[in-house]
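Quick caveat: nothing in here was measured; it's all calculated off a predicted structure. Here is how names work: the chains are called A, B, and so on, in the same order as the sequence lines, proteins then strands, and each is numbered from 1.
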Amino acid sequence: MSVLFSHYNYWVVIVLMMIGFYIVIAQGNLVKKLIGLNIFQTSVFILYISAGKVSGGTAPILADGITLYSNPLPHVLILTAIVVGIATTALGLSLIIRIRDTYGSVEEQDVRAAEGNRKQESC
Amino acid sequence: MSPLEIISAVLLAIGSFLVLSGAIGLLRFPDVYSRMHAAGITDTLGAVAILLGLMFLAGWTLVLAKLIMILLFLLLTGPTASHTLGKAAWKSGLQPLTDGREPAGDSGKGAE
Amino acid sequence: MELLLDISLLSMLVATAIGIAVSRDLLAAVMLSSIYGLLSANFFVTMDAVDVAFTEASVGAGISPLLMFATLAIVGRFERYPHQRALPALLLVVLTGAMLILATLDIPAFGDPNAPAQTHVAPRFINESGTEIGIPNMVTSVLASYRGFDTFGEVTVVFAAVVGVLALLGSSLPAAGRKLPDTLLQASNHRILRIVSKILVAPIMLFALYVQFHGDYGPGGGFQAGVIFAAAIIIYTMLFGLEAAMKVINVTVLRVLAAFGVLLYGSVGLVAMLNGKNFLDYDALAADPVHGQHYGIIVIELGVGITVAAVMMLIYFAFAGRLIDRSHKS
Amino acid sequence: MLSHLPILQVILPLLGAPACLILWRPRIAWAFSFFISALAFIISGLLLKQVWQGGEIVYALGGWEAPWGIEYRIDLLNAFLLLIVSGLSTVVLAGARQSVAREIPAEKQTLFYVAWLLCLAGQLGILATGDAFNVFVFLEISSLSTYTLISLSRQREALWAAFQYLIVGTIGATFVLIGIGLMYMMTGTLNMADLAQRLPEVADTRTVFAAYAFIIVGVCLKLALFPLHAWLPNAYTFAPSVVTAFLAATATKVAVYLLIRFSFTVFGKDFSTFDVPLHSIFIGLGLIAVFSASTVAIMQRNIKRAIAYSSVAQIGYMIIGLGLGSVLGLQATLLHLFNHALMKGALFMAMVAMMLRIGGITVDDIAGLGKRMPVTALAFVTGGLSLIGVPLTVGFVSKWYLVSAAFSQGMWLVALLVVLGSLLAVMYIWRLVEIMYFRESPEQAPRGEAPLTVLLPLLLLVLGNIYFGIDTRLPVSVTEAAASSLLVEAYQGVQVGGAK
């Protein structure tokens with residue numbers, strides 16, 4: 001029972017991660033895949049931030065009369081990771097727009113089918 | 001509890017109630033326009049009440065100035081968003097519900 | 001009380017995530033993902049990570065959905081097929097999740113102040129950064145100084161993203177002098193929207209500057225400021241069209257600015273090297289190390305802000321340019 | 001300035017990239033990026049010399065000492081890889097200008113060189129750093145620029161290939177991030193050397209096991225280890241020719257480096273071989289990769305795709321060496337990193353020349369190439385022979401070490417299978433040789449060699465294949481020292497742990 005209370009946070013985050021991961025691998029729409037990737041990454045961020053929380057602590061900004069701060073290091077790492085995430089999203093979305101221009105669809109199934117046809121033609 | 005704290009508590013309670021009723025309205029109302037009405041309450045009166053409550057707690061500090069700015073910002077953007085939303089709904093051909101029929105549009109629009 | 005907040009936020013996050021997974025309307029999915037970003041920002045606040053919350057709010061609930069909406073306007077809003085490979089995917093996901101849950105069984109309890117994460121490296125940041133760096137916001141101290149090189153990498157990632165977006169969509173960026181009848185983007189027939197937004201653009205920019213230079217003392221910094229500044233210009237673009245925005249700031253200037261921010265950051269490091277210290281050692285920037293740290297942090301945050309603002313604008317312009325191209329064709 | 005070499009190695013290309021964007025004109029951008037890359041190559045040479053003479057170099061970034069700040073830590077292993085990556089980048093870039101001018105629209109050429117420099121900087125950064133989270137950041141720099149480089153191709157399939165790679169690469173990077181996070185929760189540090197010290201205390205927890213698993217799977221996605229290789233053939237086939245040459249020669253090397261670094265330095269040899277059955281997993285997967293990918297390679301019509309599949313197979317060899325877990329096995333892997341960079345560089349550079357002259361690289365395009373482009377064809381064949389592992393080429397050296405490493409551990413079956421795998425390489429290379437030399441050229445086929453700027457780098461690579469196949473002193477001595485330092489030091493670590 002004590003494990004439940006001290007760890008439920010991590011478990012919910014893992015469930016979130018896995019929902020995101022599922023969207024990425026199981027869903028065929030490319031935009032949806034990127035949304036899933038976002039959720040996956042954001043949930044990993046939550047995992048990191050949870051690890052930096054100290055019970056009873058406050059935000060790591062020095063202030064008078066406060067002695068207990070939460071750990072600033074995971075915050076810094078995740079700031080960097082969020083930026084990396086948006087960079088990937090932007091690039092992925094531009095790729096999707098170009099894929100739509102060339103294949104006329106943003107569904108994995110359609111794109112794969114178009115690829116298959118081409119391969120047969122060239123053989 | 002000091003009088004200020006009591007006033008603030010009352011305001012916060014009112015604000016929370018308004019936000020909650022807005023959320024329920026969003027779920028229960030039949031069409032986009034009435035749902036927007038519910039959402040509008042959350043945006044304006046609910047938020048204002050909560051912010052006022054916080055202001056009474058803050059006292060004469062920098063936080064008060066920040067809260068006032070947030071209030072101004074919300075008062076500008078909230079109604080504008082509602083207006084734009086309503087206009088967009090009207091333009092896309094959604095008719096307000098005037099009798100007992102099913103709504104023309106589904107949720108989603110009102111969720112903002 | 002905190003537990004209650006925690007649990008309600010987490011359950012809302014789960015509900016949102018499931019909503020995204022089952023929805024086949026992409027517009028709704030993007031909307032929900034923006035809510036997801038906002039919820040996780042709230043969660044970060046309860047976890048004391050105010051800087052992260054700020055960033056997540058501006059990215060997860062701001063820029064990222066904005067770009068996705070722009071994409072949806074081009075590629076269409078509905079999914080066409082039901083989900084493929086559902087079963088094997090589910091299997092893989094359950095396996096990975098089970099592994100992770102197993103892994104969490106041995107980690108220290110949530111919030112434990114004696115966990116290794118809290119006792120090994122972090123205490124120095126908490127106890128010494130006030131005297132070593134001299135600014136109250138520890139996150140800024142660690143971000144800009146102790147782990148300043150990571151942040152340099154971060155700016156480079158942003159720069160790499162804009163290089164990619166320009167390579168992919170750059171052809172639709174309007175060249176100087178090309179007329180753009182972008183009626184699609186002009187919301188000028190919304191009089192109220194136009195007036196209110198016009199009022200707001202300047203305060204938003206002011207707020208960006210505040211966030212930029214107040215990052216030493218409170219949450220904020222170059223990245224958030226850059227995003228907010230770009231948001232002001234993006235609002236302007238939405239209301240008055242791409243062409244009008246280009247008159248304010250054109251693509252070539254933005255491109256140079258994007259590169260300039262990275263170079264500015266790097267040059268701080270190089271100056272430190274020329275003064276005989278290691279790369280990015282701000283102690284070398286002034287006679288007094290704490291002053292040096294202060295100067296260094298201000299300059300590199302400025303570099304981050306410039307690059308991020310320029311990059312976000314460029315990316316939005318590239319997407320908007322595509323949208324206009326498309327409305328021409330149809 | 002010499003004491004700043006480790007950081008100069010990375011920030012030169014890193015700052016060169018934005019500078020290159022400001023310069024804007026494609027021709028200047030090419031010259032500039034070549035210059036930067038060449039400088040990086042020279043620096044890596046100096047670094048290797050420094051490390052060889054004076055041992056490990058530690059450089060504290062920002063002046064903050066290790067567990068608090070980020071440090072660069074150069075030992076023989078990464079000095080050797082820095083040399084490979086920057087060297088191959090320089091050689092390929094030397095021959096890139098004409099090919100880029102032909103395959104990439106004029107207004108995007110500068111962006112191409114900028115992305116190239118970023119990719120180079122990212123890879124060098126991964127190699128040089130001694131901080132686990134810094135690895136993630138630079139991994140993403142190199143990945144994002146790689147997606148850009150691939151998508152710049154004129155072939156439309158490149159977009160889809162780049163998108164697939166983006167999804168897989170991001171999942172891989174996120175897995176690595178999860179692994180790093182779990183390690184941080186257990187040890188409170190991100191510095192690799194510090195991790196290596198603190199991990200043994202908690203080595204028997206499930207968390208550390210999972211952290212290791214996530215990092216390995218994440219890196220293997222990047223590495224395209226069988227069965228996670230699906231993205232690689234497409235990406236290599238449709239990317240611009242020079243990009244394929246660059247990536248094939250460097251990207252997989254960096255991923256293998258990460259595998260080695262995490263397995264042997266961070267987690268320690270005793271953890272990765274005793275606590276986890278990595279041994280047999282790596283050898284098994286490696287062998288399957290060799291056989292399945294080589295078989296697929298035989299049936300390809302596009303020779304770029306055939307050689308891309310062969311890359312998957314070659315990764316298999318490297319992984320087998322790792323799985324053996326002995327000094328000799330690791331040495332074989334390191335040697336193969338070097339040699340594979342040389343031979344894939346030569347093969348794909350030959351294809352750059354072909355693309356430039358005949359505009360296609362399917363089996364039909366190269367028929368009778370031996371007469372039309374004798375030098376290029378000969379270079380291709382030499383690279384192919386090296387790939388097979390014919391004596392007097394570099395390919396032979398690494399196969400030899402691999403086979404003897406397997407024998408010395410009594411794994412004669414593995415040794416036999418490695419040799420058999422080479423027979424498959426004979427089949428797909430011979431098929432191409434036959435088409436090039438014994439088939440008639442199509443009518444009106446273009447003939448004539450590629451310009452000297454392409455041929456010279458190609459010949460340099462081919463000569464490298466032969467030279468280091470005969471005079472093996474440099475790579476062998478460096479890899480031997482690197483391998484034994486990794487494993488023997490790790491072994492001492494076990495003794496210290498045992499003494500407690």
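Counting only heavy atoms from C-beta outward, the side chains of A/Tyr8 and C/Ile7 approach each other to under 4.5 Å. In this structure, C/Tyr36 and A/Ile35 have side chains that are not in contact, with every pair of non-hydrogen atoms separated by 4.5 Å or more. A 4.5 Å side-chain heavy-atom check between C/Glu56 and A/Thr42 finds at least one atom pair inside the cut-off. Annotation: side chain of C/Leu168 is not in contact with side chain of A/Ile97 (no heavy-atom distance under 4.5 Å). The side-chain heavy atoms of C/Met68 and A/Thr89, taken from C-beta on, include a pair separated by under 4.5 Å. Residues C/Ile126 and A/Pro60 are not in side-chain contact: their nearest non-hydrogen atoms beyond the backbone lie 4.5 Å or more apart. C/Arg80 places none of its side-chain heavy atoms less than 4.5 Å from the side chain of A/Asn29.
With A/Ser55 contributing its side chain and C/Gly111 its backbone, the two residues share a donor-acceptor pair below 3.5 Å. Counting only distance, with no hydrogens or angles, the side chain of A/Gln27 and the backbone of C/Ala21 share a donor-acceptor pair below 3.5 Å. Put simply, the side chain of A/His7 never gets that close to the backbone of C/Asp106: no donor and acceptor are under 3.5 Å apart.
Note: C/Val75 leads C/Thr55, C/Thr16, C/Val75 in heavy-atom pairs under 4.5 Å with chain A. The candidate from C/Ala109, C/Ser23, C/Ser11 with the greatest count of non-hydrogen atom pairs under 4.5 Å with chain A is C/Ala109. When C/Val50, C/Asp6, C/Ile63 are compared by the number of non-hydrogen pairs under 4.5 Å with chain A, C/Asp6 comes out ahead.
Proximity to chain C (any heavy atom under 4.5 Å) is shown, for A/Ile39, by both the backbone and the side chain. Of the two parts of A/Ser50, the backbone and the side chain both hold a non-hydrogen atom closer than 4.5 Å to a non-hydrogen atom of chain C. For A/Leu95, the parts lying near chain C are the backbone and the side chain together; criterion is any non-hydrogen pair under 4.5 Å. If you measure heavy-atom distances from A/Val106 to chain C, the contacts under 4.5 Å come from the side chain alone. Within the 4.5 angstrom heavy-atom criterion, no atom of C/Leu32 approaches chain A. At a 4.5 Å heavy-atom cutoff, the contact between A/Ile46 and chain C is made by backbone and side-chain atoms alike. For chain C, the nearby part of A/Tyr10 is the side chain; its heavy atoms alone come within less than 4.5 Å.
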>> If you apply the rule side-chain contact (heavy atoms from CB on, under 4.5 Å), what do you find for A/Met17 with C/Thr96, and how did you get there?
In response: CA-CA 10 Å; A/Met17 271 192 287; C/Thr96 320; over 6 Å; no

>> If you apply the rule side-chain contact (heavy atoms from CB on, under 4.5 Å), what do you find for C/Asp48 with A/Lys53, and how did you get there?
In response: CA-CA 7 Å; C/Asp48 303 335; A/Lys53 170 74 180 171; 3.0 Å; yes

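With sequence neighbours left out, the ring pair (Phe, Tyr, Trp, His ring centres under 6.0 Å) criterion links C/Phe319 to no other residue. Taking the salt bridge (Lys or Arg N to Asp or Glu O under 4.0 Å) definition, one finds that C/Glu79 meets it with A/Lys32, sequence neighbours left out. Shown here are the side chain to side chain contact (heavy atoms under 4.5 Å, CB included) partners of A/Gln41, two or more places apart in sequence or in another chain: A/Asn38, A/Phe45, D/Thr170, D/Thr174.
Residues of residues 146-154 of chain C that come closer than 4.5 Å to chain A, counting heavy atoms only, are C/Arg147, C/Asp150, C/Glu154, ordered by residue number.
The two residues A/Ala90 and C/Val165 come nearest to each other via the heavy atoms O-CG2, 4.0 Å.
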